[in-house]
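Numbering of ligands and ligand atoms starts at 1, following listing order. Along the sequence shown, residues are numbered consecutively beginning with 1.
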Amino acid sequence: MEIQNKKIEKQEYLNAREEILAAWPTGQGVSIEEGVKYQQSLPESKRFASVLNQAVKEKKVLIQPRAGVALVDEHIELLKFLEEESDLLPTTIDAYTRLNRYDEAQKGIDKSRAAGHSLLNGFPAVNHGIESCRRIIESISKPVEIRHGTPDARLLAEISYAAGFNSFEGGGISYNIPYAKNVLLEKSIRDWQFIDRLTGIYQEEGITINREPFGPLSGTLVPPFVSHSIAIIEGLLALEQGVKSITLGYGQAGNMIQDIAAMQSLTELAHKYFGEAGFKDYELSTVLHQWMGGFPEDEARAFSVIAWGSVVANFAGATKVIVKTPHEASGIPTKEANLQGLKATRQMIQMTHDQCYFNIAELALEKEMIHREVDAIMAAVFEAGKGDIAVGAVKAFEAGIIDVPFAPAACNYGKMLPVRDNTGAVRVFETGNTPLPADVMNYHKEKIRERAAVEERDPCFQMVIDDIYAISKGRLVGRPR
Ligand SMILES: CC[C@H]1O[C@@H](n2cnc3c(N)ncnc32)[C@H](O)[C@@H]1O
């Protein structure tokens, strides 16, 4: 499949959408014009991009949960229960819908109705269709985002946009590599170019729909340069298709200086690469995902992890933070647990928001390293694609130039190995084929050697294993004893 980073002609999109809409009966008759009209009818207070822009201006940190259950009335009840404590709301989509298995999603709906409670791990928006989804938008006073993990979300986007959701998470790389096993990168990038083109069509009608590439990826020891490179590539692909409102994300890794450096450099690097590509008229915001790794079972310990992620989001100056719950280790949270996570986050942000952001030499050095790493990756990606970022992305994964640690996708190279240093910052233990400059690689090695000396062991793979289990054992760095 030939792909290229070129704006899809509107007519080409319109010709292709009939097949997209035919994938499930609720797609029949979905009209962009009618969807635009409905979006136009919404008040500013229900426009995701407007709320984000206001927060960027006021340097506020917005808080947003994840939430989704099988049936419409229960989902509305859940969001109403959470909306007072949230600045922005989600609709987390179920796993069957993410795999385009709408027949299974339908069975889940039927069984949930019979059981009287949700038997799906999210909201099956495609099966419910536009009218039912609009009941959510009508019932909730704040903007609502579709959060999911769908390599092919073209039908989900058509229905969600027409139903009044005006923020949509995901991307052709970030919803493939961590979420799929055998989906061709060319296909998922192409499918998401169509989603971004639909977003661009709504934009041409004056409806801004926010797009949020999925920052955390595998959520396991992902070095900032890896997630930033993918975030920037997906941002560039979206801008090319006419997207205007972009939120780039990053998953908290645990060392505060590194996480703050990551968030600040993400904004700097996005402006750099978007500007170099000739884009000026875009709205950029950032999102920090609270700790995406293994959570402690104990709810009191879980609240510490949630609070930690709140402080970091605040000091990093993130536009929004995605909130975890004390049920993270056990599964889908109750609405009460979800609300508790929001309250703990709100309290911590309010307690620390007026304090200055860090601005120390260590932070400057960490940011410089991330800039150098991302520049090295992006240069290699542009070279691999002979200037085309879409082609370059595919070739970069084939060559291991971009390599996401612990990702399931077959198209991921899987040779780069991260490990924490003595302060818990994520460093590169094995470069694989990532083209990091030698002096930057030496910086990583030196930082790892510091930890090895403290732990009286050589740098070793066991450190990586220890780090993966550390937080669920109440630590950040996986110490040997
Ligand atoms: C990206 C993975 C994250 O999404 C969370 N998640 C997935 N489905 C739901 C759900 N239905 N309600 C609340 N949180 C959810 C999960 O707990 C994990 O923190």
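- When side chains are defined from C-beta on, Lys272 does not count as touching Val374, because their heavy atoms never get closer than 4.5 Å.
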Can you produce the list of protein nitrogen or oxygen atoms under 3.5 Å from a nitrogen or oxygen of ligand 1, alongside each distance?
| residue | atom | partner | partner atom | Å |
| --- | --- | --- | --- | --- |
| ligand 1 | 11 (N) | Gly68 | O | 3.0 |
| ligand 1 | 11 (N) | Asn121 | O | 2.9 |
| ligand 1 | 17 (O) | Glu328 | OE1 | 2.8 |
| ligand 1 | 19 (O) | Lys324 | NZ | 3.2 |
| ligand 1 | 19 (O) | Glu328 | OE1 | 2.8 |
| ligand 1 | 19 (O) | Glu328 | OE2 | 3.0 |

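- Asn176 and Ser188 make their closest contact through ND2-OG, 2.9 Å (heavy atoms, listed as atom of the first residue, atom of the second, distance).
- A tilted orientation is assigned to the rings of Tyr102 and Trp24, their planes being inclined by 30° to 60°.
- Here the two rings, on Phe295 and His327, have centers that are 6.0 Å apart or farther.
- The pair Arg211-Glu234 does not meet the salt-bridge criterion, since no charged nitrogen lies less than 4.0 angstrom from a carboxylate oxygen.
- The only option from Trp192, Tyr179, Tyr250 that meets the ring pair (Phe, Tyr, Trp, His ring centres under 6.0 Å) definition with Phe214 turns out to be Tyr179.
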